[in-house]
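For reference, the structure is listed below as structure tokens.
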Amino acid sequence: MARTKEAEAEWHKHRDELKALWLDQRWTLEQIQEHMSQSHNFRKNAPQYTRQFKRWGFKKNLTDEDWKFVAHRREKQKRDGKDPGDVRVHGTLIPEPKVRKETARHVSLLSQSCFPFPRQSANPFIVSHPKTPEGVVVGTPRLEIDSTVSDDAANVLAMDWCQGLSMDGINVGTSTMFQSADRDPFAF
């Protein structure tokens, strides 16, 4: 049955909250129904929530193809001599035992060795890599990478880059990093 624009607008009004409850906080449908009914007088049944979440692409569990991607990415990290890193789905860290269990369940050792990603296309010079599933992050979280560079170092580089710029918009100048050698290279 087609919904009216009012019904669509009502669902859309609660989209962000529903996404947070369903994906981030991992509430059950029953918990969401109860909360939305009491807090917003938004009364829908479980199949209605299920259909809407499917329309919006909200899914808690990864598909077979998603787990194959995770296994491929982690195996590639290992081959490159790197830590395979964490697996996060919609920002939620998946415990390592669950990652090992699911990748073993969805990807056999034989398929990893006989049919590894990347798969060759019809053209031998084009290599296709599996597409990253939405909401899935495999590897070192960006926050850990950002914390290795201090804010002071980033600010010094930014200040140095802007030092040669002129306010009149005509004389751009050069960065102090590229100025002549008679200047002390260690002075900021």
Side-chain angles (χ1 to χ4, degrees), residues 8 11-33 35-36 39 44 46-121 123 125-158 161:
E8 286 293 332
W11 276 103
H12 187 71
K13 182 172 74 174
H14 300 293
R15 185 179 195 276
D16 293 337
E17 182 176 5
L18 289 170
K19 183 177 183 180
L21 296 173
W22 181 246
L23 296 177
D24 300 337
Q25 298 177 29
R26 303 192 59 83
W27 283 18
T28 65
L29 284 176
E30 292 77 23
Q31 289 173 313
I32 291 174
Q33 282 178 279
H35 169 76
M36 295 303 290
S39 300
K44 304 294 179 191
Q48 288 174 309
Y49 278 106
T50 302
R51 275 192 305 275
Q52 188 61 49
F53 290 167
K54 188 174 182 178
R55 282 185 189 127
W56 285 336
F58 296 172
K59 58 181 184 175
K60 283 185 178 180
N61 301 315
L62 298 182
T63 65
D64 181 63
E65 286 300 313
D66 295 343
W67 282 114
K68 286 178 181 176
F69 168 81
V70 169
H72 162 70
R73 182 60 58 88
R74 288 174 58 93
E75 189 58 38
K76 182 178 183 312
Q77 290 284 93
K78 289 178 190 174
R79 279 195 314 266
D80 293 345
K82 299 176 184 173
D83 176 25
D86 296 334
V87 176
R88 294 179 182 273
V89 177
H90 300 288
T92 303
L93 177 67
I94 306 300
E96 184 63 26
K98 179 174 173 77
V99 173
R100 284 195 304 268
K101 180 186 108 180
E102 293 295 337
T103 54
R105 187 172 148 217
H106 292 277
V107 183
S108 70
L109 292 176
L110 182 62
S111 69
Q112 283 182 359
S113 60
C114 294
F115 307 106
F117 288 117
R119 294 189 178 124
Q120 293 288 340
S121 67
N123 183 336
F125 298 106
I126 298 175
V127 177
S128 63
H129 295 278
K131 184 180 176 219
T132 304
E134 184 177 338
V136 176
V137 176
V138 180
T140 306
R142 186 75 201 153
L143 184 59
E144 290 179 21
I145 294 170
D146 287 344
S147 68
T148 60
V149 178
S150 73
D151 288 339
D152 292 336
N155 288 338
V156 167
L157 288 174
W161 177 254

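- Using a 4.5 Å heavy-atom cutoff, the side chains of Thr63 and Asp66 are in contact.
- The stretch residues 90-100 participates, sequence neighbours left out, in these salt bridge (charged side-chain N to carboxylate O under 4.0 Å, His left out) pairs: Arg74-Glu96, Glu96-Arg100, Lys98-Glu102.
- Cation-pi check for Arg105 over Trp67 is not met; the charged atom does not lie both under 6.0 angstrom from the ring centroid and within 45 degrees of its normal.
- Side-chain contact between Trp56 and Arg15 is present, with heavy atoms from C-beta onward closer than 4.5 Å.
- Going from atom NZ of Lys68 over to atom OG1 of Thr103 covers 12.5 Å, rounded to the nearest 0.5 Å.
- The nearest pair of heavy atoms linking Leu23 to Lys59 is CD2-O, 3.5 Å.
- For the residue pair Val107 and Ala71, the shortest heavy atom distance occurs at CG2-CB, 3.8 Å.
- Of the inter-residue distances, the one linking Gln52 atom CD with His12 atom NE2 reads 10.5 Å to the nearest 0.5 angstrom.
- Under the ring pair (Phe, Tyr, Trp, His ring centres under 6.0 Å) criterion, Trp11 pairs with Phe42, Tyr49, sequence neighbours left out.
- Each of Phe53, Trp27, Phe58 was compared with Trp22 under the ring-ring contact (aromatic ring centres under 6.0 Å, His included) criterion, and only Phe53 meets it.
- Counting non-hydrogen atoms of neighbouring residues, nucleotides and ligands closer than 6.0 angstrom, the NZ atom of Lys60 exceeds 12 such neighbours.
- Taking CG from Leu21 and CD1 from Ile32, the interatomic distance works out to 5.5 Å, rounded to the nearest 0.5 Å.
- Side chains of His72 and Glu75 form no contact here, defined as non-hydrogen atoms less than 4.5 Å apart.
- When all heavy atoms of Asp24 and Thr92 are compared, the closest pair comes out as O-OG1, 4.0 Å.
- Under the 3.5 Å distance criterion, the side-chain polar atoms of Glu17 are left unmatched by any main-chain donor or acceptor of His14.
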Intermediate values then yes/no, side chain to side chain contact (heavy atoms under 4.5 Å, CB included), Met36 and Lys44: CA-CA 9 Å; Met36 295 303 290; Lys44 304 294 179 191; over 6 Å; no
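- Here the CG atom belonging to Leu29 is positioned 4.5 Å from the OG1 atom belonging to Thr50, to the nearest 0.5 angstrom.
- Taking both residues in full, the closest heavy atoms of Val138 and Pro84 are given as CG1-O, 4.2 Å, listed atom of the first, atom of the second, then distance.
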